[in-house]
Protein chains: 2
Amino acid sequence: MALEHAILVSLAERPGTGYEIGQQFQRSIGYFWSATHQQIYRTLKKLHADGLVTYESIAQDGRPDKKVYTVSAAGRELLADWANSPTPVMPLRSDLGVKLRAAEFGDLAAMIGELKAHRDALQEQLSLYERFDADYYPEPDALTGRKLHQYLVLRGGIKAAATNIEWIDEVIVGLQRELDDQSQPPG
Amino acid sequence: MALEHAILVSLAERPGTGYEIGQQFQRSIGYFWSATHQQIYRTLKKLHADGLVTYESIAQDGRPDKKVYTVSAAGRELLADWANSPTPVMPLRSDLGVKLRAAEFGDLAAMIGELKAHRDALQEQLSLYERFDADYYPEPDALTGRKLHQYLVLRGGIKAAATNIEWIDEVIVGLQRELDDQSQPPG
DNA sequence: GTCCGCATGTAACTTGTTACATGATTTA
DNA sequence: TAAATCATGTAACAAGTTACATGCGGAC
């Protein structure tokens, strides 16, 4: 359900094309939700069929028309209702968690390499988020409204990435010890 | 892809029925992956069609037959290959993150209530995990193999839940301040 | 006598992924 | 001249959700 809502949020903040929404999913909203352009176009079509958005086709020279979408009154109402109604707690999902349980059937050294690659990718993400944090939100206590909410979402992204890195480091230490014990069993 | 692998991991650790796998998804593996029984039965059927598992039908009195599944040699090979090959880094997903961005279109007080409900649910989950941690893994440094991996997965669940709670608390503080400012604007 | 646990399944639907397709403009 | 950006889409498939269906045994 959340993709529909994520798109409505994005359009309610400012009208735009499917393409532009796709860009946003790479950044701000993307800290917490992602979608491919196919999903976005498909969902926009459905939102339009349901009367939750309207669009205006804009001709461009040398490019296909673009459709600038705007949230309708019904769309805003749905968004408000959703914001005020409870959402179920989402279960965790982690490929690495499953994979770790499969480690005994594979190769420990390979698993450690994989973990390091993930840690590096997460570290890069974290650095990016921290740069946003420093650049755009130097005085968090003064924030209100949309800016505050965006900041808090960013904080969530930072915390999630940092914790994930910590966990991966813990796993690497554990598996490394196991690997060392295997090559030099305690006598 | 990971559901297939999660089921293979579970069956490789010990053979069992679809029902039993469903139970496991409520606990250990469930810290990091979840599935409904329909998904499990469907996937088992597919794994069987692909020759990755075999099963033995066992008649029971007063109950439908149960099928005890076992991983085949091909299944073990696939599992090992998967364990040794890279997985892409998963993007985050959080309904609450999206919802927070919708807060400006709804009611702040309702949002805070919702956050508190999530915090309570997460706190309960965390307590459960911490009890498992204390009960089953009193001496983590002595663990090896499967037990170690299970412990590390549990640690991930604990860290993720704890961080999430921290984040929610931070969001509640922020939104509460905003709400207070609204009722008593600074003069 | 009603709910819970065991045990499996079909069907319909929604969501998410991957591949393919078009086509001009700008940048390297 | 090759790639990236803007801009939209179809089609096929895989994964996840929700509803419905069956039926016994034991606990409350």
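Within every chain, numbering begins at 1; the chains are lettered A, B, ... in the order of the sequence lines, protein sequences first and strands thereafter.
Using a 30° and 60° split on the angle between ring planes, Tyr136(A) and Phe132(A) fall in the tilted class, from 30° to 60°.
Atom CG of Asp65(B) and atom P of dC24(D) are 15 Å apart (whole Å). A straight line from CD1 of Ile40(B) to C1' of dA14(D) spans 17 Å, rounded to a whole angstrom. Distance NZ (Lys45(B)) to C1' (dA7(C)): 14 Å, rounded to an integer number of Å. Rounded to an integer number of Å, the gap from Ile58(B) CD1 to dC6(C) C1' is 14 Å. The distance from atom CG of Leu47(B) to atom P of dA15(D) is 10 Å, rounded to the nearest whole Å. Following rounding to the nearest Å, Lys67(B) (NZ) and dG9(C) (C1') show an atom-to-atom distance of 9 Å. Whole-Å rounding puts the Gln38(A) CD to dC20(C) P distance at 13 Å. Here dG16(D) presents its P atom at 15 Å from CG of Leu92(A), a figure rounded to the nearest Å.
If you check residues 5-17 of chain B against DNA chain D, you find no residue with a heavy atom closer than 4.0 Å.
Using modelled atom types and a 3.5 Å distance limit, the side chains of Gln24(B) and Ser10(B) yield a donor-acceptor pair.
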Which atom pairs link the protein and nucleotides 12-15 of chain C when you take only N or O atoms and keep those under 3.5 Å?
none

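Using a 4.5 Å cut-off on side-chain heavy atoms (C-beta onward), Glu104(A) and His149(B) make contact. Taking the side chain as every heavy atom from C-beta outward, Leu115(A) and Met111(A) approach each other to under 4.5 Å. Looking only at side-chain heavy atoms (C-beta outward), Tyr137(A) and Lys147(A) come within less than 4.5 Å of each other.
Within 4.0 Å (heavy atoms only), Gln23(A) reaches sugar-phosphate atoms of the nucleic acid but no base atom.
Both Trp33(A) and Tyr41(B) lie near DNA chain C, and the one whose nearest nucleotide falls closer to the 5' end is Tyr41(B). Where His37(A) and Tyr69(B) meet DNA chain C, the nucleotide closest to each residue was compared, and Tyr69(B) sits on the side nearer the 5' end.
Checked by atom type and distance alone, the side chain of Ser72(B) pairs as donor or acceptor with a backbone atom of Gly51(B) at under 3.5 Å.
The phosphate of dG9(C) (OP1 or OP2) has no side-chain N or O of Lys66(B) nearer than 4.0 angstrom.
Distance from the side chain of Tyr19(A) is smallest to dC6(D) among dC20(D), dC6(D), dT10(D).
Counting all heavy atoms, side chain and backbone alike, Thr87(B) lies closest to His118(A) at O-NE2, 2.9 Å.
Summarising the local packing, CD of Gln176(B) is surrounded by more than 12 heavy atoms from other residues, nucleotides or ligands at distances under 6.0 Å.
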| request: Take His48(A) and Tyr55(A) through the ring-ring contact (aromatic ring centres under 6.0 Å, His included) test and state the conclusion after the steps. | output: CA-CA 8 Å; His48(A) 186 249; Tyr55(A) 67 85; 4.7 Å; yes
